[in-house]
Amino acid sequence: MQPYRIAVMASGSGSNFQAIVDQVQKGKLDVSIELLVCDRPNAFVVERAREAKVPVFVFNPKEYESREAYETLVLKELQDRQIDLVVMAGYMRIITNVLVEPFFGRMINIHPSLLPSFPGVRAVEQAVDYGVKQTGVTVHFVDGGLDSGPIIAQRAVEIHEHETADSLTERIHAAEHVLLPQVVRWLREGRVSIDGRRVSVRL
Ligand SMILES: Nc1nc2c(c(=O)[nH]1)N[C@@H](CN(C=O)c1ccc(C(=O)N[C@@H](CCC(=O)O)C(=O)O)cc1)CN2
Ligand SMILES: NCC(=O)N[C@@H]1O[C@H](COP(=O)([O-])[O-])[C@@H](O)[C@H]1O
């Protein structure tokens, strides 16, 4: 099989990035992690990337006059490395068509709720505050909207009595660390197809 080159975009701790790295290092995910893109120079995910010897492109959005300006640089990094798939794993910035258009169908995001419920930031807190009995995780293709792209996979996570956002986040992360590498594997193996909003996975 041809090498499958991925880039990960993240802003925070990077536990989902680490889950992908771990699967690759165990020989369970046949991809090449070519780049980490991060918008927060001090984020722990940068440390994880250095440890894993993954090249890093870090930028500070405050140093650019617009989203489009820094996204143009990110796009060049992705194209120069001939990236096949972009994985957003806790990247906390809305992206514009500068990146959406060239990568639609080759860019995914993991979100800590069962979309379309609780889009945006603080999704776990939203679910706890709303009082739902079940939430979960979603992996979807990224489009120009906010967490509105075609859904590839979801896993439900029960909300226990007296649950806090912190205790729930731990179980959400555990579900994410299984589902995200699995979806990357399906995409690498060419098992995923999109028809409008409907996504099919050939298992
Ligand atoms: N065009 C898209 N961009 C992004 C998507 C998407 O589906 N379409 N997913 C997000 C990830 N995400 C939720 O999963 C998300 C991240 C951040 C925000 C947001 O409102 N960010 C603010 C800044 C917040 C901050 O600085 O803390 C912003 O960009 O102004 C919403 C949803 C990744 N991008
Ligand atoms: N709206 C986007 C969003 O909330 N994404 C969430 O950020 C966390 C990143 O954790 P990590 O840095 O440990 O991978 C993950 O739970 C991911 O679903």
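Note: hydrogens, waters and symmetry copies are ignored here, and every other heavy atom, side chains too, is used. First listed ligand is number 1; within each ligand, the first listed atom is number 1.
Applying the 6.0 Å contact sphere to CG of Asp195 captures no more than 12 heavy atoms from other residues, nucleotides or ligands. Counting non-hydrogen atoms of neighbouring residues, nucleotides and ligands closer than 6.0 angstrom, the CZ atom of Arg202 exceeds 12 such neighbours. Applying the 6.0 Å contact sphere to OH of Tyr64 captures more than 12 heavy atoms from other residues, nucleotides or ligands.
Between the side chain of Thr135 and the backbone N or O of Ser113, no donor-acceptor pair lies under 3.5 Å. At least one donor-acceptor pair closer than 3.5 Å links the side chain of Arg48 to the backbone N or O of Ser13. In this structure, His111 contributes its side chain and Phe118 its backbone to a donor-acceptor pair below 3.5 Å. One N or O on the side chain of Arg171 and one on the backbone of Glu158 form a donor-acceptor pair closer than 3.5 Å.
Proximity to His140 (heavy-atom distance under 4.0 Å) selects the following atoms of ligand 1: 7 (O). Heavy-atom proximity to Leu146, at under 4.0 Å, picks out these atoms of ligand 1: 7 (O), 31 (C), 32 (C). Atoms of ligand 2 lying under 4.0 Å from at least one heavy atom of His111, given by number and element, are 1 (N), 18 (O).
When heavy-atom distances to ligand 1 are checked against a 4.0 Å cut-off, Ile94 comes that close through both its backbone and its side chain. Contacts with ligand 1 closer than 4.0 Å are made by no heavy atom of Arg122, backbone or side chain. Contacts of Asp143 with ligand 1, taken as heavy-atom pairs under 4.0 Å, involve the backbone alone. Looking at Met107 against ligand 1, nothing comes within 4.0 Å, counting heavy atoms. With a 4.0 Å heavy-atom cut-off, ligand 1 is reached by the side chain of Val142 but not by its N, CA, C or O.
Looking at ligand 1, you'll find an N or O of His111 within less than 3.5 Å of one of its N or O atoms. Close N/O approach between Asp147 and ligand 2 is not found [any backbone or side-chain N/O within under 3.5 Å]. Below 3.5 Å of separation, one finds an N or O of Met92 facing an N or O of ligand 1. Geometrically, ligand 1 and Val121 share no nitrogen or oxygen pair separated by less than 3.5 Å.
Residues Ile151 and Val199 form no side-chain contact, since every pair of their non-hydrogen atoms from C-beta on lies 4.5 Å or further apart. Taking the side chain as every heavy atom from C-beta outward, Tyr70 and Val37 never approach each other to under 4.5 Å. Annotation: side chain of Ser117 is not in contact with side chain of Gln126 (no heavy-atom distance under 4.5 Å). Counting heavy atoms from C-beta outward, Val132 and Leu114 have side chains that stay 4.5 Å or more apart.
The nearest protein atom to atom 13 (O) of ligand 2, hydrogens excluded, is given as Ser15 OG, 2.5 Å; this is a heavy-atom distance. With respect to atom 18 (O) of ligand 2, the closest heavy atom belonging to the protein is Glu176 OE2, 2.4 Å. Remark: minimum distance from atom 9 (C) of ligand 2 to any protein heavy atom is reached at Gly90 CA, 3.7 Å. Of all protein heavy atoms, the one closest to atom 30 (O) of ligand 1 is Arg67 NH2, 2.8 Å. The protein heavy-atom contact nearest to atom 3 (N) of ligand 1 is Ile95 N, 3.0 Å. For atom 6 (C) of ligand 2, the closest heavy atom belonging to the protein is Pro112 CD, 3.8 Å. Annotation: atom 12 (O) of ligand 2 to nearest protein heavy atom, Gly14 N, 2.8 Å. Looking at atom 2 (C) of ligand 2, its nearest protein heavy atom turns out to be Met92 SD, 3.7 Å. From the protein, the heavy atom lying nearest to atom 8 (C) of ligand 2 is His173 NE2, 4.1 Å. Looking from atom 11 (C) of ligand 1 to the surrounding protein, the closest heavy atom is Tyr91 O, 3.5 Å.
Cluster annotation: Val139 is not connected to Phe103 through the hydrophobic network of ILVMFWY side chains, with a link wherever side-chain heavy atoms come within less than 4.5 Å.
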Derivation and outcome, side chain to side chain contact (heavy atoms under 4.5 Å, CB included), residues Met9 and Leu99: CA-CA 12 Å; Met9 297 181 71; Leu99 287 174; 4.3 Å; yes
Verdict with supporting geometry, Asp129 and Arg122, side chain to side chain contact (heavy atoms under 4.5 Å, CB included): CA-CA 11 Å; Asp129 294 347; Arg122 300 181 63 258; 4.3 Å; yes
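The nearest non-hydrogen atom to atom 27 (O) of ligand 1, considering only Arg93, Met9, Arg40, comes from Arg40. Of all the listed residues (Asp147, Asn97, Leu99), Asp147 holds the heavy atom that lies closest to atom 7 (O) of ligand 1. Ranked by closest heavy atom to atom 1 (N) of ligand 2, the top entry among Gly120, Pro119, Ser113 is Gly120.
Not a single heavy atom of Ile172 sits closer than 4.0 Å to an atom of ligand 2. Ligand 1 lies within reach of Gly145, whose nearest heavy atom is under 4.0 Å from it.
Remark: Arg188 engages Asp30 in a salt bridge (charged side-chain N to carboxylate O under 4.0 Å, His left out) (not counting sequence neighbours).
Of the candidates Arg81, Lys53, Arg5, Glu34 forms a salt bridge (Lys or Arg N to Asp or Glu O under 4.0 Å) with just one, namely Arg5.
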